[in-house]
There are 2 protein chains.
Amino acid sequence: MVNQYTALDSVFHALADPTRRAVINQLLNGAAPVKRLAEPFDIGLPAFLKHLTVLEGSGLIRSEKQGRVRTCHLNADRLATAERWLSEQRAIWQGRTDRLAAFVESHSPEEKQR
Amino acid sequence: MVNQYTALDSVFHALADPTRRAVINQLLNGAAPVKRLAEPFDIGLPAFLKHLTVLEGSGLIRSEKQGRVRTCHLNADRLATAERWLSEQRAIWQGRTDRLAAFVESHSPEEKQR
DNA sequence: GTATTGGTTCACCATATGGCGAACTATATA
DNA sequence: TATATAGTTCGCCATATGGTGAACCAATAC
């Protein structure tokens, strides 16, 4: 369980929670302070902060504090990381099913049912 | 924590583990029995079975047993579910940054620094 | 200066996760 | 029939997760 924590691990894990996905959704419209991000959810600030920590740990968001307010913004690159992995898998899958279809095609030219 | 477990929750959670992603990777090349899937990993069968249960619970794989061997195959649709969410987010993000760029463009035609 | 606001930290709790070994079931195989 | 093989189930354990309330700090606002 102490295996090197890859970027994909932490990104997918961060995305596996509805609260965190909702935060990302909010941040799509631009940066926002912690308070405003937390408003829609009925959990305490401490719990919410943990979600932000997970998100920031995965690189999906960044944040900086000035004065007493911390502003969070999305790091869209990291979303792309996950998207890339998924589309790679799909590409492999499609390549394989395409070859399979071609094989079937070439070996049973005129009858399709068995 | 007892919120209705959405499909995205379980899919992303399933993907958040390197062992489980590796299993998916194997299944891209076609169906395989549990034994063969488990070979590359140096964890016990019981632990491996839990991973399979998580994967099957998320709908990413399906499996059926005949005789004493259980054969697993990928359900690529579910991968697409996750991919779709991600690309939606990216679309929103891009729409927003595009509008932002247009706004900046139209409001400071010749000076860029403030 | 005092009060309020926005965050943060701390100790704590219940449950989930990911692993183990041992025992067990059922199907092939010899 | 005896034995090996493929899975499965069980009880156990350490750690992670997601939440709580209470106390605390540092900027603002009054």
Side-chain angles (χ1 to χ4, degrees), chain A residues 1-24 26-27 30-73, chain B residues 1-24 26-27 30-73:
Chain A
M1 210 200 295
V2 201
N3 46 24
Q4 25 86 25
Y5 216 46
T6 76
L8 282 174
D9 288 350
S10 58
V11 167
F12 281 131
H13 171 243
L15 294 177
D17 183 284
T19 299
R20 293 194 288 261
R21 285 198 307 277
V23 168
I24 289 180
Q26 288 189 68
L27 289 178
V34 172
K35 176 86 179 306
R36 177 139 56 91
L37 287 174
E39 249 156 31
F41 312 101
D42 60 347
I43 63 175
L45 249 291
F48 186 74
L49 268 237
K50 285 190 190 176
H51 285 300
L52 285 189
T53 305
V54 170
L55 281 169
E56 192 150 16
S58 75
L60 282 167
I61 72 171
R62 278 167 295 119
S63 74
E64 63 257 352
K65 190 171 181 174
Q66 76 175 4
R68 68 182 162 178
V69 40
R70 171 175 301 278
T71 305
C72 303
H73 28 86
Chain B
M1 211 200 295
V2 202
N3 44 24
Q4 24 84 25
Y5 216 47
T6 76
L8 282 174
D9 287 350
S10 58
V11 168
F12 280 131
H13 171 244
L15 294 176
D17 183 283
T19 299
R20 291 194 289 260
R21 285 198 307 277
V23 168
I24 289 179
Q26 289 189 68
L27 289 178
V34 172
K35 176 88 179 303
R36 178 139 55 90
L37 287 173
E39 249 157 29
F41 312 100
D42 59 347
I43 63 176
L45 249 291
F48 186 74
L49 268 236
K50 284 192 191 177
H51 285 300
L52 285 190
T53 305
V54 170
L55 282 169
E56 192 150 16
S58 75
L60 281 167
I61 73 173
R62 278 167 295 119
S63 75
E64 63 256 353
K65 189 169 181 174
Q66 75 175 5
R68 67 183 165 179
V69 39
R70 172 175 301 279
T71 305
C72 304
H73 29 86

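Numbers restart at 1 for each chain; the letters A, B, ... are given by sequence-line order, proteins then strands.
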statement: Whole-Å distance, A/Asp17 CG to C/dT17 C1', equals 15 Å
- line: Taking D/dG7, C/dG6, D/dG19 as options, the one with an atom nearest any side-chain atom of A/Val69 is C/dG6
field: DNA chain C contacts made by residues 57-68 of chain B, counting heavy atoms under 4.0 Å
entry: B/Gly67, B/Arg68
- prompt: Quick one: does A/Val54's side chain get under 4.5 Å of A/His13's, heavy atoms only?
  reply: yes
- request: Look at A/His13 and D/dT17 and indicate whether a side-chain polar atom (N or O) is within less than 4.0 Å of OP1 or OP2.
  value: yes
field: Atom pair NZ (B/Lys50) and CG (B/Asp17), whose distance is rounded to the nearest 0.5 Å
entry: 12.5 Å
message: Whole angstroms only, please: what is the CZ-C1' distance between A/Arg70 and D/dA27?
response: 14 Å
- prompt: Can you list the residues that meet the salt bridge (charged side-chain N to carboxylate O under 4.0 Å, His left out) rule with B/Arg20, with sequence neighbours excluded?
  reply: none
message: So, taking the atom named CG in B/Leu37 and the one named NE2 in B/His51, what distance separates them when rounded to the nearest 0.5 Å?
response: 12.5 Å
message: Heavy atoms within less than 4.0 Å of DNA chain D: which residues of residues 45-54 of chain A have one? Give them sorted by number.
response: A/Pro46, A/Ala47, A/Lys50, A/His51
message: Rounding to an integer number of Å, can you tell me how far B/Leu55 CG sits from C/dT17 C1'?
response: 14 Å
query: How far does CG of B/Leu27 sit from CG of B/Leu55, to the nearest 0.5 angstrom?
result: 8.0 Å
- prompt: D/dT28 C1' sits how many Å from A/Lys35 NZ, rounded?
  reply: 13 Å
query: Among pairs that include at least one residue of residues 61-71 of chain A, which meet side chain to side chain donor-acceptor pair (under 3.5 Å), considering only residues two or more places apart or in two chains?
result: A/Glu56-A/Ser63, A/Ser63-A/Arg70, A/Glu64-A/His73
message: Nearest whole Å is fine: how far is C/dG7 P from A/Glu56 CD?
response: 13 Å
field: Which residues share a side-chain hydrogen bond (donor to acceptor under 3.5 Å, both in side chains) with A/Glu39, sequence neighbours left out
entry: none
- prompt: Starting at CD1 of A/Ile43 and ending at P of D/dT17, how long is that distance when rounded to a whole Å?
  reply: 15 Å
- request: Specify the residue among B/Val34 and A/Arg20 whose closest nucleotide of DNA chain D lies further upstream toward the 5′ end.
  value: B/Val34
side-chain contact (heavy atoms from CB on, under 4.5 Å) partners for B/Leu49, two or more places apart: B/Val34, B/Leu45, B/Leu52
- prompt: Which distance, rounded to the nearest 0.5 Å, do you find between the CD1 of B/Ile24 and the OG1 of B/Thr19?
  reply: 11.5 Å
